[in-house]
Every structure is written in C-alpha cells, then in structure tokens.
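See below for the structure under consideration.
All values below were derived from every heavy atom in this structure, side-chain atoms included, with hydrogens, water molecules and symmetry-related copies excluded.
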2 protein chains.
Amino acid sequence: MTPAARRIVAAAEELFYHRGITAVGVDLIAEHSGVTKRTLYNQFGSKDQVVAAYLAGRDRRWRALVRATIDSCGDSLEAVTAPLVALQDWSAASTRGCAFLNALAELPDPAHPAHRVAADQKLWLRALFEELAGLAGCSDPATLAVRLLVLHEGVLATRLLGIDTLAESTALARSLVRAQT
Amino acid sequence: MTPAARRIVAAAEELFYHRGITAVGVDLIAEHSGVTKRTLYNQFGSKDQVVAAYLAGRDRRWRALVRATIDSCGDSLEAVTAPLVALQDWSAASTRGCAFLNALAELPDPAHPAHRVAADQKLWLRALFEELAGLAGCSDPATLAVRLLVLHEGVLATRLLGIDTLAESTALARSLVRAQT
DNA sequence: TCAGAGCTATACTGATCGGTAAAGTTGACG
DNA sequence: CGTCAACTTTACCGATCAGTATAGCTCTGA
C-alpha cells in the first residue's frame, strides 16, 4: 500500500464507521485524506473496493487484538472467553456497534466484496471459540461456540442501542464455559 | 392514515428492509406505491418521517405478535421466553436481520426520528422480559432480562450473517430461566 | 538520462438525491 | 350547489452521487 492509499483507508474508516457507508461519498473521503479523487480511483478502482479495504484492515487489527488477549491468558479455560474480554478494549468509547454488522445492514447485495470480509470474520470467530473450547477440554465445543458467538454479537448489537451488556454477558459466558468442564 | 399513506408505508417497508434505507430514494417509493411524490410529501413531509412510520408500523406488529405468543403460553415460566419463540414466526425466511438494528446502523444521527422508535422497542423488550421473569417468580428478574435481551439481539445479528442460532439460543434461554427458579 | 510510478489539479459526465411549484382532478359531505 | 381534502400531473430546484478526461508535476531507480 502506498502512503496515499493508507491515508485513504484511514479517512474512510473514520468516515464510514461514524457516518455510515452509503452516506459518505468518495469526494468526502478524498478531501479528508488530503488526496485527489483521481488518486483514490487509481489506487482502488471503485468505492466498493475502498469499503472492502476499510473492513479488511479493521478485521486484521481485531484478530490481532484477540490473539494477543488469548496469549495473555493464564489458563486455557480463561482463554475461551478472551474474545469477549478483547471487546472491552476494542472501541470501548464507541457507540456505533460493530462495523461489520453495520456494513451488512447497509449493503444488502451479497455480491458486494464487503460481505465476504464480514462473513469471514464471524465464521472465523465461531471456529476460534470452538477451537479454544476444545483446548480447554469442554464437553461440547460446537454448541458452546454458537452460544458464545450469540453472546458476542448480542453485546455488539445492544451497544448500538446504547445499552452496555458486556460485563453481564462476559459473566454469563464464563459460567457457560465452567458448566462444560 | 389515508389509503395513499398506507400504500406508501407498505412500499417503503418492502424497499427499506430489503435494499436499505439510504439506498432507497423517495422517487422509488412513490413509484412502487403508485403514488405521486407530491402526495408522499403532503402525507409525511419528509423522507425521515416515512422512515419513522415504517419502523413504527413494524414495531406495532411485532409487539402484537409477542403479546399473542405470551397469551398462548400455558404457564408463566414458558412465557418468559415467548419473545424468542415469536422470533420463529417473525420473518423466518428473511435473511436481512432486524429492521431496527439495521436502521440504527444506517442512521448515525441520534436526532433522527427512527432512533426513538428503535431504542423504545428494545427498551420495551427488556422491560417485558423483566416483568415476565418477575411474574414467573425468578430470583433476579433484572439480570435475567439483560441476558435474554442479549440472546435475542444475538440471534437477530447472526441471522444477518446467515447463521441460524435461534433454536440454540432459545434452549439456552430456557435453561437460564429454569436456573432462576 | 530518461522512463515510469505516484500523485496533483481542474473540469467534466449523466444520473440521482431530497424537496418544491403551480395547476388541475376527483369524490364525499354539508 | 359549493367546499374542502385527497390526490394527480408535469416540471423544476440546487446539491450530490460515482466515476472519467486531460494534463502536468516529482521522485526514484536502472
């Protein structure tokens, strides 16, 4: 990625997340990144590709944070709920919920490149939950993974509503893990 | 509501839910409802008001369904998870998730009339869970209500991802209720 | 030295956006 | 009969949409 491309994605992230994807035009992105619209199209080809790059970058950072949180856990039982703990650091001040869910809500077309990024991230999370549950010796990793995923998405959805359910959900998640050991 | 207004809201619901609110213009709504744009503005004054009417109508129908589901429950313990059961009938075929969450995702401005409608619906649901839990004799209705709300929103969020978690979440919800009695 | 990549600047396209103007039609009710 | 509200028709407004055209600048690397 060229310096200009990086600035474009950074500006797009700021604007898309806080104002919505459809509501933000390419002119605004170009202006906020101090770049010409020509450069934006030379680098990305279309607005849709900028959207995909925005989500892909966010996904990369999120996964890194989750992995770091897992690594910082003492035992494997605690690690199962690490993604919930990571959510505490992840945009704690933000009241705009999950960027990926929001993108899916805004872009109904399944062919949009953003769909793959968003769906992949959630499937990855479910698989991760299942893997962690297996390592911790849980009796039914697949079922537990679905339950933890629902809690995770529920926290993000209620955050969009201005209701903070993270602490409560994390506590519930821990008890679900404990019940399977 | 005049006949034309009803047709406008019906067309708006169909279009907004499946294509997104920002992506649908007033011209398209007028065309699909067989009504002039002038009539639309005479009836609603602005696109934002059409959005609010769309969500308000959906909310009314959703609450009616939930109440009916509660009434059809045999005992008060079963009634606590009635909103989850209602979700089974509610747009089961739809893969576009929750209209209210989607609206909040698309419209960041808290001053938008849609925000009140969406937030009210979720706060109503939480209060309903709490009331039902109280009637069923649960030990901690407030905590249980938050947990059930998270599960509810989690089901809707994962539905947007194409993952069906309703059965699993309903089972979990029932066990949470049982644990409090 | 010179070619090419990265980038800027300005201007433009046709389409669509939310919203309005002005004037006319229809049917129900007093 | 007359009136009023609901609704229609056509045309328009300035702004913004995603995307393109053309031309020129600057730095790097062979």
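Within 4.0 Å (heavy atoms only), A:G45 reaches no atom of the nucleic acid at all. A:V50 comes within 4.0 angstrom of nothing in the nucleic acid, heavy atoms only.
Taking a 4.0 Å limit (strictly below) on heavy-atom distances, residues 2-15 of chain B reaches DNA chain D at B:T2, B:P3, B:A4. Near-neighbour residues of DNA chain D inside residues 103-114 of chain A, defined by a heavy atom below 4.0 Å, are absent.
Closest to the side chain of B:Y41, from the set D:dC7, C:dC7, C:dT20, is C:dT20. When distances are taken from the side chain of A:R38 to each of C:dC7, D:dG19, D:dT20, the shortest belongs to D:dT20. Counting only heavy atoms from C-beta on, B:D27 has its side chain closest to C:dG18 among C:dC7, C:dG18, C:dA9. Of the candidates C:dG18, D:dA21, C:dG6, the closest approach to any side-chain atom of B:K47 belongs to C:dG18. Which of C:dG18, D:dT20, C:dT8 sits closest to the side chain of A:V35 comes down to C:dT8.
For the residue pair B:E168 and A:V146, the shortest heavy atom distance occurs at CG-CG1, 3.8 Å. Contact between A:Q49 and A:P113 at its shortest, heavy atoms only, is NE2-CG, 4.0 Å.
In terms of the salt bridge (charged side-chain N to carboxylate O under 4.0 Å, His left out) criterion, residue partners of B:D27 (sequence neighbours excluded) are, by chain and number, B:K37.
Within 6.0 Å of the CZ atom in A:R60, the count of heavy atoms belonging to other residues, nucleotides or ligands does not exceed 12. By the neighbour-count criterion of 12 heavy atoms within 6.0 Å, atom CZ of A:R116 is sparsely surrounded, having that number or fewer from other residues, nucleotides or ligands.
Between D:dC7 and B:T39, no contact under 4.0 Å exists linking OP1 or OP2 to a side-chain N or O.
Taking 4.5 Å as the limit, every side-chain heavy atom of B:S169 sits out of range of all side-chain heavy atoms of A:R147.
Between A:W90 and A:H152, a ring centre-to-centre spacing not shorter than 6.0 Å is recorded.
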